[in-house]
A.B. asks: 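Dumping the structure here so I can ask a few things about it.
Residue numbers start from 1 in every chain, and the chains themselves are labelled A, B, ... in the order their sequence lines are given, proteins ahead of strands. Side chains are part of it too, since the values below use all heavy atoms of this structure and drop only hydrogens, waters and symmetry mates.
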There are 2 protein chains.
Amino acid sequence: MLHKKLATIEDVAALAGVSIATVSRALNEPTKVADSTRRRVSEAIAQTGYTTNAMARNLRMRRSNMILILAPDVGDPNFSNILVGLETEASKRGYGLLIGNTQNDPLREADYLRFISSNQADGLILLTGHLPYGIGEAEGSMRLPPMVAVGEPVPNADIPFIGVDNLEAARIATEHLIAQGHKRIAFIGRSSGRAVNSLRERGYRAALQGAGIAVDPAMIIDGDGTTESGRAAAELMFVRDHLPTAFFCVNDATALGVMISLNARRYDLPADFSVMGFDDISFSSFVTPALTTMKQPRLNIGERAMDMLLALLEGGEPREREVLFRAELIVRNSVKAPRTRF
Amino acid sequence: MLHKKLATIEDVAALAGVSIATVSRALNEPTKVADSTRRRVSEAIAQTGYTTNAMARNLRMRRSNMILILAPDVGDPNFSNILVGLETEASKRGYGLLIGNTQNDPLREADYLRFISSNQADGLILLTGHLPYGIGEAEGSMRLPPMVAVGEPVPNADIPFIGVDNLEAARIATEHLIAQGHKRIAFIGRSSGRAVNSLRERGYRAALQGAGIAVDPAMIIDGDGTTESGRAAAELMFVRDHLPTAFFCVNDATALGVMISLNARRYDLPADFSVMGFDDISFSSFVTPALTTMKQPRLNIGERAMDMLLALLEGGEPREREVLFRAELIVRNSVKAPRTRF
DNA sequence: AGGCTGGATGTAAACCTTTACAGAGCGCAT
DNA sequence: ATGCGCTCTGTAAAGGTTTACATCCAGCCT
């Protein structure tokens, strides 16, 4: 009602004295129309202010040029840069991004699939770590759209994954602690359900075994990756009075929780305890002591993931099952050699 | 090519033995079709797995049910929760969110407007604090779409604004410092170009004047709201050796920068200096000392903004020119009475 | 019996493109 | 002259809805 009345291809055609087919061709296959005609069309377009109506085009082409992003929480500092990467690549290739914040609510996940089933999105990016609820239910109801998983792999499903090599990165992190002289290293944030947590735990175990250090089950504490879970885990270790010299945390948020607990207990970091994180989210460099951690190349991950999805969309078969980036060890001040106190 | 061949309204009509008009009515105006028919249609829909093709509908209705969000950086911790609020309300009302990350690049802003001009988005949410470049240029080319500004008001344009009452909140923050006994209070983050910064500065001035404290120009330092600018501002004050007892920072990121500078100089916070922030972004509670700040009700702001935009879209005239929320003073540990050192 | 009302349904146009196919015009070789 | 090939353009169908308008029919009133 505000848009007055937009010019259509017909207005342009009339003004240029050609048929609508020619106008369309002038726009989409310029080589196929004579120079003089093309000029007239361009002029008519400029004069009318014509823009292609994307809805009509989409209907005809059966393509929306839109990608649906499913994420549990777009505010998560770990996602934000991935999002930017996704967006950069998508926008460069003429695609738009539809965001679906699911809060891990199955209902919302299912609801967002309406964009897929109603043809409003051509592909799907999964940041959730699992297939959206209700995607494969009714038999003929919905074919799986092209999709890729980013950050968190999707277990038990044949979906291309783009992310960091979590096992390898966790191994490197743990080896860094070992290299500083730590032998009693806790792993904070075990969670059998989450693929990322499991992989990082395996990397931790691999490093210990590689160094001939026995894995002590009491040094492995559950956690869901929140700051609060990190705090609680550290507290638990103090209650049990079975302490490590270093904490390897499943992510920076957890590490922050551990540091809060240690600070509250008036320990001197990193002299009394070393803390290592994973992710390198923005404030990790601001905290005191600044957190040593593994940095994910989030921007690259996002770009690569979008590139892969679009290739899938335009090309057909996926070329790779997974693309693993290397995480980079960022050395700051939260890790030091252990005190030789015994 | 993966979607086999979706069922159309015609398939449903054939199966139910009615015309396509009836199917459409059964879906959109159920009261207008007989009970028995409606049942047959429902059954046919279930059997075929039919879903309305949104593109066709959008084309016909001249509506996309899509909202474009223009933000300089979706990763900004200050935006993230606003985004969640926007998303919650939009999704509740059946709208989708298109994200446009502009990085403050005029080209990208202009590019994103293609969604508006090509009818792929019905409305616009501006988190940028200014009209997108290229919106009012060519005369008839593009009518202004319905839009609202969130977080940052848009100067010199008649656009509804939803956000916090920055002037009032800054006054409250400053008064809190004054109430603790501070008289030499710096304002870090002056920026004449940014509406938010200006408003907060005015609140700061109002509080000082209200308390009969003269405004000292040397206590007002420029800054663009980044952590680095906060650090640099604090350093500058030390170089000039003209020091406040408290720093009121235009936002938490700036406050963090100030604290980094103070920590590096081995000051004891908050004993030596008080620091007050604005925004209450997530890590403000984790930093040491935990930051006293003004909390923006971001979720509410987002929801309200979307509500307002949709009302504009569906109703017509805006009911309010602006909706101001009150920011809440969050008292933590970074503010204390000044040392009586002279 | 005739006419009127109102509810349920069908017909067809409109929304705006893209593109397969056909046709026109022209140069050139046969 | 005829035919062929090439370039450029036009015609019309198709994509899947929504909805104004027409139609039909049953019931009811006079």
A.B. asks: Please determine whether a side-chain nitrogen or oxygen atom of B/Thr52 lies at a distance below 4.0 Å from atom OP1 or OP2 of D/dT17.
C.D. replies: no

A.B. asks: Side chain to side chain contact (heavy atoms under 4.5 Å, CB included) with A/Ile69: which of A/Leu98, A/Leu126, A/Leu124, A/Leu127?
C.D. replies: A/Leu127

A.B. asks: Mind checking B/Ala21 for me? I need base, sugar-phosphate or nothing, with any heavy atom below 4.0 Å counting as a touch.
C.D. replies: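 Answer is base: heavy atoms of B/Ala21 come under 4.0 Å of a base.
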
A.B. asks: Whole-Å distance between D/dG16 C1' and A/Arg62 CZ?
C.D. replies: 10 Å

A.B. asks: Rounded off to whole Å, could you give me the CZ-to-P distance for the A/Arg60 and D/dA13 pair?
C.D. replies: 13 Å

A.B. asks: Taking only the side-chain nitrogens and oxygens of B/Ser24, find out if one of them lies under 4.0 Å from OP1 or OP2 of D/dT17.
C.D. replies: no

A.B. asks: Taking the nucleotide of DNA chain C with the closest heavy atom to each, which residue, B/Ala56 or B/Arg25, is nearer the 5' end?
C.D. replies: B/Arg25

A.B. asks: Do the side-chain N and O atoms of B/Arg108 and B/Asn101 include a donor-acceptor pair separated by under 3.5 angstrom?
C.D. replies: no

A.B. asks: Considering only D/dG10, D/dC8, D/dT17, which nucleotide approaches the side chain of B/Thr8 most closely?
C.D. replies: D/dT17

A.B. asks: Taking CE from B/Met61 and C1' from D/dG15, how many angstroms apart are they, rounded to a whole number?
C.D. replies: 18 Å

A.B. asks: Write down the distance between CZ (A/Arg39) and P (D/dC8), rounded to a whole number of angstrom.
C.D. replies: 13 Å

A.B. asks: Rounded to whole angstrom units, what separation is found between the CD atom of B/Glu10 and the P atom of D/dG15?
C.D. replies: 9 Å

A.B. asks: For salt bridge (charged side-chain N to carboxylate O under 4.0 Å, His left out), just list the numbers for A/Lys92 and A/Glu89, CA-CA rounded to whole Å, side-chain angles, deciding distance to a tenth of an Å, and then say yes or no.
C.D. replies: CA-CA 5 Å; A/Lys92 196 190 301 175; A/Glu89 183 66 20; 3.5 Å; yes

A.B. asks: Given the rule in the side-chain contact (heavy atoms from CB on, under 4.5 Å) test, do B/Ile125 and B/Leu97 qualify, once you have shown the distances and angles that lead to the verdict?
C.D. replies: CA-CA 10 Å; B/Ile125 297 260; B/Leu97 248 48; over 6 Å; no

A.B. asks: Could you check whether the side chain of A/Arg63 and the base of D/dG15 have a donor-acceptor pair of N or O atoms closer than 3.5 Å, going by distance alone?
C.D. replies: no

A.B. asks: Compare the minimum distances between each of D/dC8, D/dT17, D/dT18 and the side chain of B/Asn28, then state the nucleotide with the smallest one.
C.D. replies: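 My answer, after comparing the listed nucleotides, is D/dT18.
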
A.B. asks: Hey, where on DNA chain C does chain B first and last touch, going 5' to 3'? Cut-off is any atom under 4.0 Å from a heavy atom.
C.D. replies: C/dA8 to C/dC16

A.B. asks: Given atom CD of A/Glu29 and atom P of D/dT9, what is their separation to the nearest angstrom?
C.D. replies: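 Rounded to whole Å, this separation is 13 Å.
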
A.B. asks: With no hydrogens and no angle check, do the side chains of B/Ser64 and B/Asp122 hold a donor and an acceptor under 3.5 Å apart?
C.D. replies: yes

A.B. asks: Using whole Å, what does the distance between atom C1' of nucleotide D/dG15 and atom CG of B/Leu6 come to?
C.D. replies: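 Roughly 13 Å, once rounded to whole Å.
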
A.B. asks: With a cut-off of less than 4.0 Å, is there a side-chain N or O of A/Thr37 near OP1 or OP2 of D/dT9?
C.D. replies: yes

A.B. asks: Between B/His130 and B/Glu109, does any side-chain donor sit less than 3.5 Å from a side-chain acceptor?
C.D. replies: yes

A.B. asks: Calculate the interatomic distance between B/Lys32 atom NZ and D/dT18 atom P; express it in whole Å.
C.D. replies: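 Going from NZ in B/Lys32 over to P in D/dT18 covers 14 Å.
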
A.B. asks: Under a plain distance cut-off of 3.5 Å, with no hydrogens placed, do B/Asn119 and B/Arg63 share a side-chain donor-acceptor pair?
C.D. replies: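 No, B/Asn119 and B/Arg63 have no side-chain donor paired with an acceptor closer than 3.5 Å.
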
